[in-house]
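Presented below is the structure to which this report refers.
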Amino acid sequence: MKKLVKLISVPLLALSLQAGDWNTQSLIGIEGGAASFDLENNMGFADNSQSPGSFGLKIGAEGQSYRIFLGGRYYSVSDEFDYANSFGVEMQYLIRFNSNANIFAGLNGGVMNMEFSDSQNRTREVSRGYFGGDLGVNFTLSHNFDIELGVRYMNLNIENTKYEDDDTVNTYSIDNMTNAYVSLIYKFKI
């Protein structure tokens with residue numbers, strides 16, 4: 001595991017050094033939260049609001065005024081979904097109040113993967129890029145640990161279309177996802 005962290009952290013550290021920030025730290029974070037999105041259908045079937053729990057792992061680097069994370073998340077969606085997960089990058093600007101707290105705002109982007117059953121119990125699969133924003137607050141617990149509270153917005157624009165036997169078009173779509181989360185972050189120097 002430590003070799004994997006070094007393998008991922010080294011390019012992020014190099015990016016930080018390139019930017020001239022010599023006080024860079026490596027980061028490993030675990031997060032849990034709750035998300036929200038609407039699964040909509042054009043065929044008159046009831047729209048389906050989803051509120052899945054989420055669990056994620058992120059690895060990154062932090063300088064004095066910014067953070068960069070590579071992360072993956074699993075969403076525990078309802079029974080009609082076989083899976084939902086995302087993989088992406090987050091770049092955040094830090095506004096430091098003092099050595100114990102900061103606010104962050106940033107951008108995110110990546111890929112969302114989902115598989116679900118439609119109203120006729122047919123499997124539908126989607127894999128789509130997303131982009132969005134992050135906003136939250138980060139508190140220092142100790143020299144090596146931070147806790148953050150955040151909100152992540154992801155613009156998905158997912159659409160899955162199937163043509164029926166009677167030539168009608170059956171489309172399911174998801175416009176966006178909002179994810180509120182708490183994350184515990186371990187900070188260290190490599």
Side-chain angles (χ1 to χ4, degrees), residues 27-60 62 66-95 101-139 141 146-162 169-186:
L27 308 170
I28 298 176
I30 57 171
E31 76 176 48
S36 174
F37 67 91
D38 292 330
L39 180 64
E40 299 170 350
N41 181 270
N42 72 325
M43 297 292 289
F45 299 110
D47 291 345
N48 188 340
S49 291
Q50 297 284 322
S51 299
S54 65
F55 176 76
L57 176 66
K58 51 191 180 183
I59 299 172
E62 177 181 84
Y66 66 92
R67 294 191 302 192
I68 301 170
F69 285 112
L70 299 175
R73 282 161 200 88
Y74 168 78
Y75 301 91
S76 61
V77 285
S78 66
D79 291 340
E80 70 234 30
F81 281 79
D82 292 327
Y83 62 83
N85 54 52
S86 65
F87 305 95
V89 63
E90 298 157 31
M91 296 174 286
Q92 300 167 342
Y93 180 72
L94 305 174
I95 302 166
N102 64 65
I103 291 177
F104 63 88
L107 302 173
N108 64 61
V111 175
M112 173 65 76
N113 301 302
M114 293 182 174
E115 184 175 282
F116 61 94
S117 299
D118 67 13
S119 58
Q120 284 103 26
N121 284 327
R122 293 176 298 195
T123 300
R124 291 179 175 247
E125 236 179 306
V126 291
S127 182
R128 182 71 186 240
Y130 68 85
F131 66 92
D134 306 316
L135 185 63
V137 62
N138 191 64
F139 300 100
L141 298 176
D146 284 357
I147 190 165
E148 73 180 25
L149 307 171
V151 176
R152 181 179 300 110
Y153 171 81
M154 300 158 63
N155 184 339
L156 301 172
N157 286 326
I158 290 174
E159 207 171 86
N160 182 281
T161 301
K162 289 199 181 204
V169 178
N170 189 348
T171 301
Y172 280 84
S173 62
I174 302 169
D175 288 335
N176 56 61
M177 177 185 284
T178 304
N179 188 197
Y181 66 91
V182 175
S183 182
L184 181 64
I185 299 172
Y186 173 65

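For clarity, every value in this text was computed on a predicted model and none was experimentally measured.
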(message) Given Asp134, which partner from the list Leu107, Val151, Asn108 fulfils the side-chain contact (heavy atoms from CB on, under 4.5 Å) test?
(response) Asn108
(request) Quick one: do Leu57 and Ile28 satisfy side chain to side chain contact (heavy atoms under 4.5 Å, CB included)? Show the steps, please. (result) CA-CA 8 Å; Leu57 176 66; Ile28 298 176; 4.2 Å; yes
(request) For Leu141, enumerate each residue passing the side chain to side chain contact (heavy atoms under 4.5 Å, CB included) test, keeping only those at least two apart in sequence or located in another chain. (result) Phe145, Ile147, Leu184
(message) Under the rule for side chain to side chain contact (heavy atoms under 4.5 Å, CB included), what residues qualify as partners of Asp146, not counting sequence neighbours?
(response) Asn138, Thr140, Ile185, Lys187
So which atom in [X] and which in [Y] form the shortest heavy-atom distance, rounded to 0.1 Å?
X	Y	value
Phe87	Gly72	CD2-CA, 4.0 Å
Asn179	Ala34	ND2-O, 3.1 Å
Gly150	Phe104	CA-CZ, 4.3 Å
Ser76	Pro52	O-CB, 3.5 Å
Gly88	Tyr130	CA-OH, 3.8 Å

As an exercise, state the distance from [atom1] of [X] to [atom2] of [Y], rounded to the nearest 0.5 Å.
X	Y	atom1	atom2	value
Ile103	Ile95	CD1	CD1	6.0 Å
Met154	Met177	CE	CE	5.5 Å
Ser173	Asn41	OG	CG	8.0 Å

So do the side chains of [X] and [Y] get within less than 4.5 Å of each other, counting heavy atoms only?
X	Y	value
Asn42	Asn170	yes
Arg128	Met112	no
Tyr75	Ser86	yes

(request) Kindly say whether Ile30 contributes a backbone atom to a donor-acceptor pair with the side chain of Ser183 at under 3.5 angstrom? (result) yes
(message) Would Glu40 and Asp175 count as a side chain to side chain contact (heavy atoms under 4.5 Å, CB included) here? Give the steps.
(response) CA-CA 9 Å; Glu40 299 170 350; Asp175 288 335; 4.0 Å; yes
(message) Assess, by modelled atom type and distance only, whether the side chains of Thr161 and Thr171 contain a donor and an acceptor separated by less than 3.5 Å.
(response) yes
(request) Could you tell me whether the side chains of Asn157 and Glu159 share a donor-acceptor contact shorter than 3.5 Å? (result) no
(request) Describe, in one word, how the ring planes of Phe116 and Phe81 are oriented to each other, choosing from parallel (under 30°), tilted (30 to 60°) and perpendicular (over 60°). (result) tilted
(request) Examine Arg124 relative to Tyr172 and say whether NZ or CZ is less than 6.0 Å from the centre of the six-membered ring and inside a 45° cone about the ring axis. (result) no
(request) Could you walk me through whether Arg67 and Lys58 pass side chain to side chain contact (heavy atoms under 4.5 Å, CB included), step by step? (result) CA-CA 12 Å; Arg67 294 191 302 192; Lys58 51 191 180 183; 5.6 Å; no
